[in-house]
Amino acid sequence: MKKRLLIIFFLICAVHVNAQRFDAGLVGGLNATQVDGDSFHGYHKAGIVLGAFVETKLSEKTYAGMELKYAQKGSRENPHEDDAELRKYIMRLGYIDIPFYFGYQTNDRLSVLGGISFGYLMHGGEWDNYGKFIEPEQKPFKDFDYQAFLGGRFKINEKLKFDLRFAYSFMPVRKLPAESYWYWWDDQFNNVISTCIYYTF
């Protein structure tokens with residue numbers, strides 16, 4: 001419920017901004033994610049991205065913006081034939097992300113952008129072959145995720161833009177405990193490639 005209220009509040013604010021100075025709209029897409037610090041490699045965990053944005057021009061070539069998004073992150077490893085124990089592992093994390101960014105228009109259609117994002121963990125959990133980890137095996141994640149990101153944006157038409165970003169946590173989302181685990185070898189950081197479509201009202 002809190003997630004829905006935040007998104008509805010942001011959308012109402014976006015619709016009422018001064019249209020002569022600001023652009024506002026909706027964003028939707030997919031994340032390809034992994035978590036550095038676990039025992040696996042590769043962007044094997046997919047997740048949805050849904051939210052809204054507000055943007056303003058700073059000059060003819062530069063702009064700034066902010067967003068409010070629900071973003072799924074995490075990690076996934078499916079069993080392999082060369083794994084004698086055929087272990088499965090899934091980490092599912094759901095965040096409310098608030099990115100702030102600056103962009104530079106390189107030509108009429110292409111721009112580059114970068115910024116920082118503050119994320120609040122709405123839910124998280126881990127699964128293996130036997131289902132969700134039981135209470136004694138659950139190790140909590142931090143409530144907040146702080147990421148830096150770089151990316152590019154391509155203008156499809158006056159209403160639509162395609163956005164590609166790489167984001168990485170600059171503080172761990174979970175610290176390595178003293179005891180050892182087969183799926184976990186170091187402090188953990190979210191590592192995300194995001195592809196989204198931006199629709200301007």
Side-chain angles (χ1 to χ4, degrees), residues 1-15 24-38 40 42-55 65-77 88-101 115-128 130-151 163-177 181 183-184 186-199:
M1 179 59 69
K2 183 190 293 184
K3 173 182 67 179
R4 292 177 182 173
L5 289 175
L6 283 170
I7 293 175
I8 292 170
F9 175 77
F10 188 84
L11 291 176
I12 292 172
C13 292
V15 170
L26 303 176
V27 54
L30 292 173
N31 282 336
T33 71
Q34 63 178 345
V35 173
D36 290 355
D38 65 14
F40 318 110
Y43 296 92
H44 301 309
K45 175 68 173 65
I48 63 170
V49 181
L50 292 172
F53 71 93
V54 175
E55 205 171 274
M66 68 166 292
E67 302 163 358
L68 180 66
K69 303 184 293 189
Y70 171 69
Q72 294 178 333
K73 307 174 189 178
S75 178
R76 186 184 189 100
E77 181 70 6
K88 177 178 75 173
Y89 175 78
I90 305 173
M91 179 197 296
R92 295 190 177 108
L93 305 174
Y95 288 90
I96 293 294
D97 281 345
I98 306 177
F100 298 87
Y101 58 87
I116 57 174
S117 178
F118 305 94
Y120 175 71
L121 183 65
M122 299 293 291
H123 58 84
E126 296 168 284
W127 286 256
D128 62 11
Y130 305 100
K132 189 173 183 178
F133 285 11
I134 60 175
E135 188 69 32
E137 296 178 351
Q138 295 178 17
K139 303 299 176 185
F141 295 88
K142 293 184 178 180
D143 289 336
F144 296 95
D145 179 28
Y146 306 95
Q147 291 191 308
F149 63 88
L150 290 171
D163 188 285
L164 173 65
R165 299 183 191 178
F166 171 77
Y168 197 91
S169 302
F170 54 83
M171 296 181 65
V173 297
R174 189 165 65 169
K175 300 281 283 186
L176 181 69
Y181 296 90
Y183 57 89
W184 186 1
D186 203 353
D187 293 349
Q188 296 186 331
F189 300 81
N190 282 319
N191 186 338
V192 181
I193 296 174
S194 180
T195 56
C196 290
I197 295 292
Y198 283 66
Y199 173 77

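Everything quoted here is computed from the prediction, not taken from an experiment.
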Parallel, tilted or perpendicular, as decided by the 30° and 60° cut-offs, for the rings of Phe189 and Tyr168 = parallel
Inter-residue atom distance [X].[atom1] - [Y].[atom2], 0.5 Å rounding:
X: Asp163; Y: Phe53; atom1: CG; atom2: CZ; result: 10.0 Å
X: Tyr120; Y: Met122; atom1: OH; atom2: CE; result: 6.5 Å
X: Tyr146; Y: Ser169; atom1: OH; atom2: OG; result: 11.0 Å
X: Arg76; Y: Lys45; atom1: CZ; atom2: NZ; result: 7.5 Å
X: Phe118; Y: Ile96; atom1: CZ; atom2: CD1; result: 15.5 Å
X: Lys142; Y: Met171; atom1: NZ; atom2: CE; result: 5.0 Å

Do the side-chain N and O atoms of Gln147 and Tyr95 include a donor-acceptor pair separated by under 3.5 angstrom?
-> no
Among Lys73, Lys69, Arg165, which residue meets the salt bridge (charged side-chain N to carboxylate O under 4.0 Å, His left out) test with Asp97?
-> Lys73
Glu126 and its salt bridge (charged side-chain N to carboxylate O under 4.0 Å, His left out) partner, picked from Arg92, Lys139, Arg174, Lys132 = Arg174
Residue set satisfying side chain to side chain donor-acceptor pair (under 3.5 Å) with Asp38, at least two apart, ordered chain then number -> Ser75
Partners passing side chain to side chain donor-acceptor pair (under 3.5 Å) against Tyr183 (at least two apart in sequence or in another chain) | none
Worked verdict on Phe149 versus Phe166 for ring-ring contact (aromatic ring centres under 6.0 Å, His included) | CA-CA 5 Å; Phe149 63 88; Phe166 171 77; over 10 Å; no
Which heavy atom of [X] sits nearest a heavy atom of [Y], and at what distance?
X: His123; Y: Leu121; value: O-CD1, 3.2 Å
X: Tyr198; Y: Glu67; value: OH-OE2, 2.7 Å
X: Ala32; Y: Tyr43; value: O-CD2, 3.3 Å
X: Trp127; Y: Phe133; value: C-CE1, 3.7 Å

Identified side-chain contact (heavy atoms from CB on, under 4.5 Å) counterpart of Cys196 within the set Val27, Leu50, Leu164, Asn31 = Val27
What residue among Thr33, Asp36, Asp145 forms side chain to side chain donor-acceptor pair (under 3.5 Å) with Asn190?
-> Asp145
I'd like to know if the side chain of [X] and the backbone of [Y] have a donor-acceptor N/O pair within less than 3.5 Å.
X: Gln72; Y: Ile48; result: yes
X: Gln34; Y: Asn191; result: no
X: Asp187; Y: Leu176; result: yes

